[in-house]
A.B. asks: 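Mind having a look at this structure? Questions to follow.
Each ligand, and each atom within it, is numbered from 1 in the order the structure gives. Just so we're clear, the structure is a prediction, and the values are computed from it rather than from any experiment.
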Amino acid sequence: MTTSTLDGQQLQAQLQELQATALKAIAEIETLDTLEQQRIHYLGKKGELSKILGTMGKLPAGDRPTIGTLANTLKETLQTALEQQRHKLQAAQIQAQLEAETLDVTMPGYFRPQGHIHPLNSTMDRILDIFVGLGYTVDDGPEMETDYYNFEALNTPADHPARDMQDTFYLPDGNLLRTHTSSVQIRHMELNDPPIRIVAPGRCYRRDNEDATHAAVFHQIEILAIDQGLTFTDLKGTVKAFLAELFGDVPIRFRASYFPFTEPSAEVDVQWKGRWLEVLGCGMVDPQVLKNVGYDPDLYTGFAAGFGVERFAMVLHQIDDIRRFYTSDLRFLNQF
Ligand code: 2U9
């Protein structure tokens, strides 16, 4: 295209050809991004129309107004076509979104199996509710304990034979995994003055050979009451009230027993389905334990009890093997 011979006709033809090409291309645009690119390609500063208009300077002066008008008409035509295509694409996009989002309520829903509370947690919660109802406050503490809080403070010095029944997992730094939640009560008494009414639930550890009734990791709940004038009768009354809440009006019996941290001590059995089942241990807090936390044993007395949550869940739900609680077998768990 030599400079001297350019005339209105030629440019008009170029504009018409551009219109045809551009309208065809615009009609085939499928995305809003492409639409924007095409708008710039045809109507942008360096677009096809600008290129043609850029040659207008070489036109004979007489042809310029016509070409100018044609160019503006073409610009509007292309802009209109681009707008229509944008609306068409946006409408299609919304429609596609609607279809994607439309919920066909006749379609069967996604079956999400309803989870539920693990039998150990439901048993634990039930027991805690009973003691909170009796005026006890729930307290907890660290599972990794010091030898002092797990044993020494509870009248169980290093060479005490009771340690064998409570063998546990010892850590390189001399700490251990607690064998009972009694450590929680010691910590509580160090930080609070009597009267004390606390219930301490939590995970405990024992290096036991696992069998149907023993697990290396299990859950315990202990209660502690410290006040002036508390006697074994208060302990018996509290234990009776608790067991009646869980088992109903069943016969219970106290059998003399021994724990380093209580004196006198007893094991308690309930008569359940015609058999005597041992369910907890208890006793009057040993005066030495009170001294260990700075309480005056001549002023204050206390009682305590401890029991395994698994034990209660197994008795209440006739579960034959403690290991069922930890195997996450839905055939077992879905029964609760
Ligand atoms: C303090 C003083 C005394 C808590 C007690 C028991 C008896 C007991 C066992 C039951 C089953 C442990 O889970 S188990 O194996 N516990 O029989 N526990 S009296 O006595 C305390 C606790 C804290 C300061």
A.B. asks: Less than 4.0 Å between a side-chain N and a carboxylate O, is that true for E310 and R206?
C.D. replies: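 Between E310 and R206 there is no salt bridge, as every charged N stays at least 4.0 Å from the carboxylate O atoms.
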
A.B. asks: Over 60° means perpendicular and under 30° means parallel, so tell me whether F169 and Y205 are parallel, tilted or perpendicular.
C.D. replies: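 F169 and Y205: perpendicular rings.
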
A.B. asks: Can F303 be reached from I186 by stepping across I, L, V, M, F, W or Y side chains whose heavy atoms are under 4.5 Å apart?
C.D. replies: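 Unlinked, I186 and F303 end up in two clusters.
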
A.B. asks: My understanding is that only one of K45, K51, K46 makes a salt bridge (charged side-chain N to carboxylate O under 4.0 Å, His left out) with E48; could you say which?
C.D. replies: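 Answer after filtering K45, K51, K46: K51.
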
A.B. asks: Anything with a heavy atom under 4.0 Å from ligand 1 counts, so go ahead and list those protein residues by chain and number.
C.D. replies: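 For ligand 1, the contacting residues are L154, S182, Q185, I186, M189, R206, F218, Q220, E222, F259, F261, T262, G281, C282, V289, A304, A305, G306, F307, G308.
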
A.B. asks: Flag yes if V250 and F254 sit in one hydrophobic cluster, no otherwise; membership is Ile, Leu, Val, Met, Phe, Trp, Tyr, and two members link when side-chain heavy atoms are under 4.5 Å apart.
C.D. replies: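 Yes, V250 and F254 fall within the same hydrophobic cluster.
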
A.B. asks: Taking the six-membered ring for Trp, are F332 and F336 parallel (under 30°), tilted (30 to 60°) or perpendicular (over 60°)?
C.D. replies: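 Perpendicular.
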
